Chemist: 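One structure, pasted below without further comment.
Quick note: numbers below take in every heavy atom, side chains included, and nothing from hydrogens, waters or symmetry partners. Everything numeric here is computed off the predicted structure, so don't read it as measured data. As the structure lists them, so they are numbered: ligands from 1, and atoms in each ligand from 1.
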Amino acid sequence: MPEHSATAVLGPAGSGKTTVGLHFAADAAPDAPSLFFSFYEKPGRLVRKAAGIGIDLEGMIDSGAAKIVWFAPGEYMIDEIGRTAIREAEASGAKRIVFDGLNAACRPLADDIRLGAFLRALNDRLLALGATIVYTYEVSQLFFPEVLASGQFSGLVDNTLLLHYSLTGPTVERRATLLKVRDSDFDHRGCSYRITPDGLVLEPLEGEKIYPTTTDAVPTGPVGTGGTG
Ligand SMILES: Nc1ncnc2c1ncn2[C@@H]1O[C@H](COP(=O)(O)OP(=O)(O)OP(=O)(O)O)[C@@H](O)[C@H]1O
Ligand SMILES: [Mg+2]
């Protein structure tokens, strides 16, 4: 993700949005910490979820490399969420900020115009503090959703990553598709992924399977340049 950009990670329940947020937040250090605003999962559960994908979030919290701020559902008005987010970002100097489950924060505010203005103001303020931001947002469509052209995120974020399911015969696959990257060309092809004890693992795109399957030799160099196999 480009530095100082805002990214929306959109996907249905269980698609891996929190996992992506955790991976992003995990690349932090005490002098460049991350802040994880959680709207669905309490800190203890997040720490356990992170441990399940090989991320020592507890250790990061202890060292000052990460902080979780949990907003209990229904207990915070959106202005309070905004004020808290800015205060925490200023206090910590966070370089990576995750809002996991932003739809929960938005729900109490039915007024779309006001919500758009709020998100824009919050986003601008956090970017101005030097952060790179990931918003995760649940969508109801399981397969490739077509809801994204509208809504609060259009125009707000620089990058959009869609996590969705894909049906190939009787098999349901997880797929990640980039829809937008700021000022940059990118590969539009959807990429399959698995969630494993090592976290989210992308499968090679078709045509990129360069590793030999019958020998132990693994080519070096960038993917796609060919190999020894
Ligand atoms: N260690 C693990 N090994 C294998 N799969 C895992 C592991 N940890 C989590 N998962 C799987 O990852 C999936 C996605 O988890 P995640 O919480 O990131 O999704 P989400 O999109 O945030 O879901 P929600 O909409 O409930 O917030 C779950 O379906 C779970 O089965
Ligand atoms: Mg989640």
Chemist: What residue and heavy atom of the protein are closest to atom 27 (O) of ligand 1, and at what distance?
Modeler: T18 OG1, 3.9 Å

Chemist: Show me which atoms of ligand 1 lie under 4.0 Å from any heavy atom of A13.
Modeler: 25 (O)

Chemist: Show me which atoms of ligand 1 lie under 4.0 Å from any heavy atom of E138.
Modeler: 25 (O)

Chemist: Apply the ring pair (Phe, Tyr, Trp, His ring centres under 6.0 Å) test between F39 and each candidate in Y135, Y137, W70, F71; give the one that qualifies.
Modeler: F71

Chemist: Indicate the atoms forming the closest heavy-atom contact of I55 with M60, along with that distance.
Modeler: CG2-SD, 4.5 Å

Chemist: Closer than 4.0 angstrom, basic N to acidic O: yes or no for E90 and R125?
Modeler: yes

Chemist: May I ask you to check if ligand 1 and E41 share an N or O to N or O distance below 3.5 Å?
Modeler: no

Chemist: Tell me yes or no: between the side chains of T177 and H164, is some donor less than 3.5 Å from an acceptor?
Modeler: yes

Chemist: If you measure from each heavy atom of R48 to ligand 1, is any distance below 4.0 Å?
Modeler: no

Chemist: Mind listing the closest non-hydrogen atom pair of L161 and A176 along with its distance?
Modeler: CD1-CB, 4.1 Å

Chemist: I need the nearest protein heavy-atom contact for atom 25 (O) of ligand 1: residue, atom name and distance, please.
Modeler: K17 NZ, 2.9 Å

Chemist: Can you name the closest pair of heavy atoms from R120 and L156 and give their distance?
Modeler: CA-CD1, 3.6 Å

Chemist: About how many Å separate OG of S5 and CZ of R182, when rounded to the nearest 0.5 Å?
Modeler: 5.0 Å

Chemist: Among all protein heavy atoms, pick out the one at the shortest distance from atom 19 (O) of ligand 1; state its residue, atom name and that distance to 0.1 Å.
Modeler: G16 N, 3.0 Å

Chemist: Can you tell me which residue and heavy atom of the protein come closest to atom 15 (O) of ligand 1, and the distance to 0.1 Å?
Modeler: T19 OG1, 3.8 Å

Chemist: Look at ligand 1 and say whether G11 reaches it with a heavy atom at a distance under 4.0 Å.
Modeler: no

Chemist: Pairs of nitrogen or oxygen atoms closer than 3.5 Å, one from I53 and one from ligand 1: do any exist?
Modeler: no

Chemist: Any Lys/Arg nitrogen of D100 or K17 sitting under 4.0 Å from an Asp/Glu carboxylate oxygen of the other?
Modeler: no

Chemist: For a distance under 2.8 Å, tell me if Y40 has an N/O/S atom near the Mg ion (ligand 2).
Modeler: no

Chemist: What protein heavy atom is closest to atom 4 (C) of ligand 1, reported as residue, atom name and distance in Å?
Modeler: I195 O, 3.1 Å

Chemist: Does some non-hydrogen atom of K49 fall short of 4.0 Å from ligand 1?
Modeler: yes

Chemist: What are the two closest heavy atoms between T132 and H4, and how far apart are they?
Modeler: OG1-N, 2.8 Å

Chemist: Of the backbone atoms (N, CA, C, O) and the side-chain heavy atoms from C-beta on, which set of T196 has a member under 4.0 Å from an atom of ligand 1: side chain, backbone, both, or neither?
Modeler: backbone

Chemist: Return the closest protein heavy atom for atom 1 (N) of ligand 1 as residue, atom name and distance.
Modeler: G52 O, 2.8 Å

Chemist: Between D31 and K95 (salt bridge meaning N to carboxylate O under 4.0 Å), is one present in this structure?
Modeler: no

Chemist: Which heavy atom in F37 sits nearest to a heavy atom in I97, and how many Å separate them?
Modeler: CE1-CG2, 3.6 Å

Chemist: Could you establish whether G199 and ligand 1 come within less than 4.0 Å of each other, counting only heavy atoms on the residue side?
Modeler: no

Chemist: For ligand 1, which atoms, with element, lie under 4.0 Å from some heavy atom of R174?
Modeler: 13 (C), 29 (O)

Chemist: Please identify which atoms of ligand 1 are closer than 4.0 Å to at least one heavy atom of P12.
Modeler: 21 (O)

Chemist: Please report which non-hydrogen protein atom sits nearest to atom 24 (P) of ligand 1, along with the residue it belongs to and the distance in Å to one decimal place.
Modeler: G14 N, 3.6 Å

Chemist: What closest approach, in Å, do G16 and L163 show between heavy atoms, and which atom pair accounts for it?
Modeler: C-CD1, 3.6 Å

